[in-house]
Amino acid sequence: NSALQADAKGVGAGGNIAVVMNSATQFDISAGATVNGINGTLSAVGGSTSGKGGNISVTNNGTGGIGASAPTNILVNATSGAGGNITLSSPTGPVSIPAGNLNASASGGNFAGGNINITGTNLAVGGGAALNLLANGIGTGNGGQINLTTTTAAGNITVGSAAGNVTIQANAGAGAGANGGTVNINSGGSLIIDANSLKASVGSTGDGPTINLTAASKDLSGNAFFQVTGTIDASGTGTGNGGKVNISYREPNAGTPFIV
């Protein structure tokens with residue numbers, strides 16, 4: 001196996017990896033990739049003593065999409081520092097990642113969570129569990145930001161704990177002054193939310209998170225729907241301000257109603 005690495009040493013911050021292509025073949029981040037991809041991992045981790053995670057960006061502007069054999073093939077870990085940033089962008093092709101943790105969380109001390117950005121025609125989650133998107137702060141660090149977008153009517157999104165679903169965490173650290181993170185979900189088809197699997201909690205005092213949820217008016221069946229089960233909580237704590245929850249269909253003539 002091999003890798004692309006921009007790892008730090010000692011107290012350094014992780015570096016930057018950017019891969020851009022326009023290919024009808026999937027860009028594969030997997031052991032055994034031979035045609036278009038990395039035969040191993042992409043790694044931009046912080047130093048072993050301290051240092052924030054780095055930045056990894058993969059863009060395929062063709063129809064082939066982006067795949068990984070495991071979410072841990074994409075590494076922006078921090079030993080003691082802010083979370084790194086992960087971007088997987090395939091506006092005209094699918095993004096395929098199996099169950100597990102795609103992690104841009106902070107670690108050690110008081111640091112903010114990082115950012116996870118995923119865009120594809122659809123998000124295909126393999127394996128027998130959910131894909132966990134993690135951008136958590138620690139201590140007095142704010143929650144990070146998670147952006148999940150699908151661009152076609154085939155791109156239904158389910159936030160939940162079952163196989164094929166995604167869970168989302170952009171939690172603040174537990175300390176005073178730690179603000180909740182930001183979650184943006186924009187579905188090209190239907191959007192189903194189990195609020196127990198969407199978390200952007202606040203520290204002991206802090207401002208509430210910002211949560212933006214958008215579903216299309218039509219999926220492949222011709223009748224997209226938007227459903228939320230449970231309580232989406234964007235409350236502040238202590239002297240913190242309340243956050244924001246914005247919910248919308250893209251068009252006013254949605255085939256089925258919004259269900260809570």
Side-chain angles (χ1 to χ4, degrees), residues 1-21 26-34 36-60 65-90 94-109 111-120 123-127 129-139 141-148 166-171 173 181 183:
N1 294 352
S2 59
L4 283 180
Q5 294 180 321
D7 297 338
K9 304 295 183 183
V11 298
N16 302 292
I17 296 174
V19 180
V20 180
M21 76 214 69
Q26 177 177 278
F27 184 84
D28 198 12
I29 309 165
S30 305
T34 58
N36 187 33
I38 299 296
N39 179 22
T41 63
L42 297 174
S43 180
V45 303
S48 58
T49 301
S50 64
K52 68 179 183 179
N55 306 291
I56 293 176
S57 175
V58 179
T59 300
N60 188 352
I66 298 167
S69 61
T72 50
N73 287 355
I74 305 166
L75 301 171
V76 292
N77 299 356
T79 300
S80 181
N85 302 298
I86 298 170
T87 296
L88 304 175
S89 180
S90 179
V95 175
S96 302
I97 308 174
N101 295 335
L102 187 63
N103 195 350
S105 295
S107 180
F111 299 104
N115 299 279
I116 297 175
N117 308 292
I118 299 175
T119 300
L123 174 62
V125 178
L131 172 65
N132 306 310
L133 305 180
L134 309 174
N136 298 316
I138 193 167
N142 297 334
Q145 181 164 325
I146 295 177
N147 303 310
L148 175 58
V166 294
T167 74
I168 291 176
Q169 295 184 26
N171 298 313
V183 175

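Considering every non-hydrogen atom in both Gly84 and Ala104, the closest pair reads O-CB, 3.4 Å. Across all non-hydrogen atoms, the minimal contact from Ser105 to Ala135 is OG-N, 3.7 Å. The two residues Ala8 and Gly46 make their nearest non-hydrogen contact at CB-C, 3.9 Å. Taking each heavy atom of Ala6 and Asn16 in turn, the nearest pair found is CB-N, 3.8 Å. Pro98 approaches Ala68 most closely through the heavy-atom pair CD-O, 2.9 Å. Considering all non-hydrogen atoms of both residues, Gly144 and Ala170 come closest at O-CB, 3.6 Å.
Each side chain to side chain donor-acceptor pair (under 3.5 Å) pair with one or both residues in residues 6-15, not counting sequence neighbours, appears once here: Asp7-Ser43.
Remark: side-chain polar atoms of Asn136 are paired, donor with acceptor, to backbone N or O of Asn171 under 3.5 angstrom. The closest donor-acceptor contact from the side chain of Thr79 to the backbone of Gly47 lies under 3.5 Å. Under a 3.5 Å cut-off, the side chain of Asn85 and the backbone N or O of Gly114 do not form any donor-acceptor pair.
Distance check, rounded to the nearest 0.5 Å: CG of Leu134 to CD1 of Ile116 gives 6.5 Å. Note that OG1 of Thr119 is 8.0 Å distant from CG of Leu148, once rounded to the nearest 0.5 Å. Summarising the geometry, atom OG belonging to Ser107 is positioned 5.5 Å from atom CD1 belonging to Ile138; distances are rounded to the nearest 0.5 Å. Note that CD1 of Ile66 is 8.0 Å distant from CZ of Phe27, once rounded to the nearest 0.5 Å. Between the CG atom in Asn115 and the CG atom in Asn147 there is a gap of 7.5 Å [rounded to 0.5 Å]. The CG atom of Asn103 sits 7.5 Å away from atom CD1 of Ile86, with the distance rounded to the nearest 0.5 Å.
Counting heavy atoms from C-beta outward, Val58 and Met21 have side chains that approach closer than 4.5 Å. Proximity of Pro71 to Asn101: side-chain heavy atoms (C-beta onward) are nowhere separated by under 4.5 Å. Between Leu88 and Ile74, some side-chain heavy-atom pair lies under the 4.5 Å cut-off.
With sequence neighbours left out, Asn73 forms a side-chain contact (heavy atoms from CB on, under 4.5 Å) with Ile29, Thr41, Ser69, Ala70.
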*Walk me through it: do Val19 and Ile38 pass the test side chain to side chain contact (heavy atoms under 4.5 Å, CB included)?*
CA-CA 10 Å; Val19 180; Ile38 299 296; 5.7 Å; no
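Residues Thr167 and Asn132 bring a donor and an acceptor atom of their side chains to less than 3.5 Å of each other.
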